[in-house]
Amino acid sequence: MKIYVSGKITGLDRAEAVARFEAARERLSAQGHSVFVPTVLPDCADVPHKDYLHICHAMIDVCDAVYVLGNWRTSAGSHEEIQYAADWRKEIIYEDEATRQDGFPTVRWRQGK
(Lines give C-alpha, C1' and ligand atoms only; values in the text may rest on other atoms or scores of the structure.)
Protein backbone atom coordinates (compact mmCIF):
# COMPACT_ATOMS: atom_id res chain seq x y z
CA MET A 1 0.00 0.00 0.00
CA LYS A 2 1.18 3.55 -0.68
CA ILE A 3 0.80 5.72 2.43
CA TYR A 4 1.24 9.47 2.95
CA VAL A 5 2.22 10.58 6.46
CA SER A 6 0.53 13.71 7.83
CA GLY A 7 1.54 15.56 10.98
CA LYS A 8 2.70 18.83 12.44
CA ILE A 9 5.79 20.45 10.92
CA THR A 10 5.26 24.21 11.16
CA GLY A 11 6.34 25.58 14.52
CA LEU A 12 8.49 22.58 15.40
CA ASP A 13 12.24 22.39 15.32
CA ARG A 14 13.02 21.01 11.85
CA ALA A 15 15.11 18.13 13.23
CA GLU A 16 12.29 17.13 15.63
CA ALA A 17 9.72 17.15 12.82
CA VAL A 18 11.96 15.17 10.47
CA ALA A 19 12.66 12.60 13.22
CA ARG A 20 8.92 12.02 13.86
CA PHE A 21 8.17 11.56 10.17
CA GLU A 22 11.22 9.35 9.65
CA ALA A 23 10.19 7.09 12.56
CA ALA A 24 6.73 6.67 11.01
CA ARG A 25 8.25 6.06 7.58
CA GLU A 26 10.51 3.35 8.99
CA ARG A 27 7.63 1.62 10.86
CA LEU A 28 5.36 1.64 7.81
CA SER A 29 8.16 0.63 5.41
CA ALA A 30 9.02 -2.30 7.67
CA GLN A 31 5.42 -3.45 7.18
CA GLY A 32 5.97 -3.46 3.42
CA HIS A 33 4.36 -0.12 2.52
CA SER A 34 5.68 2.58 0.18
CA VAL A 35 5.74 5.74 2.28
CA PHE A 36 5.55 9.39 1.24
CA VAL A 37 6.56 12.07 3.75
CA PRO A 38 6.35 15.86 3.33
CA THR A 39 9.63 16.39 5.19
CA VAL A 40 11.50 15.47 2.00
CA LEU A 41 10.47 18.89 0.66
CA PRO A 42 13.01 21.68 1.16
CA ASP A 43 12.39 24.14 4.00
CA CYS A 44 12.28 27.41 2.02
CA ALA A 45 11.16 30.57 3.80
CA ASP A 46 10.01 32.16 0.52
CA VAL A 47 7.62 29.31 -0.40
CA PRO A 48 4.05 29.95 0.82
CA HIS A 49 2.37 27.26 2.93
CA LYS A 50 -0.36 26.87 0.28
CA ASP A 51 2.32 25.87 -2.27
CA TYR A 52 3.58 23.13 0.05
CA LEU A 53 -0.02 21.90 0.49
CA HIS A 54 -0.41 21.74 -3.29
CA ILE A 55 2.61 19.42 -3.47
CA CYS A 56 1.34 17.38 -0.50
CA HIS A 57 -2.02 16.98 -2.23
CA ALA A 58 -0.20 15.55 -5.25
CA MET A 59 1.49 13.00 -2.98
CA ILE A 60 -1.86 12.11 -1.39
CA ASP A 61 -3.35 11.69 -4.88
CA VAL A 62 -1.02 8.78 -5.64
CA CYS A 63 -1.44 7.14 -2.23
CA ASP A 64 -4.04 4.69 -0.95
CA ALA A 65 -4.07 5.97 2.62
CA VAL A 66 -3.01 8.79 4.93
CA TYR A 67 -1.32 7.91 8.22
CA VAL A 68 -1.93 10.69 10.74
CA LEU A 69 0.72 11.31 13.40
CA GLY A 70 -0.43 11.93 16.96
CA ASN A 71 0.59 15.61 16.88
CA TRP A 72 -1.79 16.56 14.03
CA ARG A 73 -4.38 18.49 16.09
CA THR A 74 -2.38 21.74 16.18
CA SER A 75 -1.42 21.55 12.51
CA ALA A 76 -3.53 23.50 10.01
CA GLY A 77 -1.78 21.58 7.22
CA SER A 78 -2.73 18.20 8.70
CA HIS A 79 -6.34 19.31 9.07
CA GLU A 80 -6.35 20.21 5.38
CA GLU A 81 -4.62 16.99 4.35
CA ILE A 82 -7.02 14.79 6.32
CA GLN A 83 -10.05 16.49 4.81
CA TYR A 84 -8.54 16.34 1.33
CA ALA A 85 -7.82 12.63 1.73
CA ALA A 86 -11.33 11.97 3.03
CA ASP A 87 -12.86 13.91 0.13
CA TRP A 88 -10.96 11.61 -2.25
CA ARG A 89 -12.00 8.53 -0.26
CA LYS A 90 -8.51 7.63 0.90
CA GLU A 91 -8.16 5.40 3.94
CA ILE A 92 -7.42 7.47 7.06
CA ILE A 93 -5.27 5.72 9.67
CA TYR A 94 -4.57 7.49 12.97
CA GLU A 95 -1.29 6.68 14.71
CA ASP A 96 -3.23 7.04 17.95
CA GLU A 97 -7.01 6.74 17.63
CA ALA A 98 -7.33 8.76 20.86
CA THR A 99 -6.06 11.85 19.00
CA ARG A 100 -8.97 11.81 16.55
CA GLN A 101 -11.48 14.58 17.25
CA ASP A 102 -15.07 15.26 16.31
CA GLY A 103 -15.53 16.65 12.84
CA PHE A 104 -12.73 14.64 11.27
CA PRO A 105 -13.06 11.38 9.40
CA THR A 106 -13.56 8.39 11.63
CA VAL A 107 -14.35 5.82 8.96
CA ARG A 108 -11.60 3.99 7.16
CA TRP A 109 -12.24 3.86 3.45
CA ARG A 110 -10.55 1.81 0.82
CA GLN A 111 -9.88 3.55 -2.48
CA GLY A 112 -12.31 2.42 -5.15
CA LYS A 113 -15.15 1.52 -2.81
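Because the structure is a prediction, the values reported are computed rather than measured.
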Can V18 be reached from Y4 by stepping across I, L, V, M, F, W or Y side chains whose heavy atoms are under 4.5 Å apart? no
In terms of relative ring orientation, are H57 and Y84 parallel, tilted or perpendicular, with 30° and 60° separating the classes? parallel
Side chain proximity check, Y67 to L28, heavy atoms < 4.5 angstrom: yes
Can H49 and T10 be said to form a side-chain contact (heavy atoms from CB on, under 4.5 Å), step by step? CA-CA 9 Å; H49 190 254; T10 303; 4.1 Å; yes
Are V68 and V5 close enough, and set up right, to give a side-chain contact (heavy atoms from CB on, under 4.5 Å), and what steps lead you there? CA-CA 6 Å; V68 183; V5 178; over 6 Å; no
Would you find a donor on one side and an acceptor on the other, under 3.5 Å apart, between the side chain of K90 and the backbone of I3? no
Any side-chain heavy atom of I9 within less than 4.5 Å of one from F21? yes
State the CD-OG distance between E80 and S6, to the nearest 0.5 angstrom. 10.0 Å
Cluster overlap Y52 with F36, hydrophobic side-chain contacts below 4.5 Å: yes
Side chain of S34, backbone of K2: donor and acceptor closer than 3.5 Å? no
Answer whether the closest heavy-atom distance between the side chains of E95 and R27 falls below 4.5 Å. yes
Between the main-chain N or O of T39 and the side-chain N or O of R14, is there a donor-acceptor pair closer than 3.5 Å? yes
If we only count heavy atoms from C-beta on, is the E81 to I60 side-chain gap below 4.5 Å? yes
Can you tell if the side chain of Q31 reaches within under 4.5 Å of the side chain of M1, non-hydrogen atoms only? no
Between L53 and I92, is there shared hydrophobic-cluster membership here, with clusters defined by ILVMFWY side-chain heavy atoms closer than 4.5 Å? no
Run the side-chain contact (heavy atoms from CB on, under 4.5 Å) test on E22 and E26 for me, step by step, so that the C-alpha distance in whole Å, both residues' side-chain angles and the decisive distance to 0.1 Å come before the verdict. CA-CA 6 Å; E22 183 60 20; E26 287 176 6; 3.3 Å; yes
Non-hydrogen side-chain atoms of M59 and L41 separated by less than 4.5 Å: yes
Minimum heavy-atom separation for G7 and S75, please, with both atom names. O-OG, 3.9 Å
Answer yes or no: is there a side-chain heavy-atom contact under 4.5 Å between K8 and L69? no
Taking the side chain as every heavy atom from C-beta outward, state whether I93 and V66 have any atom pair closer than 4.5 Å. no
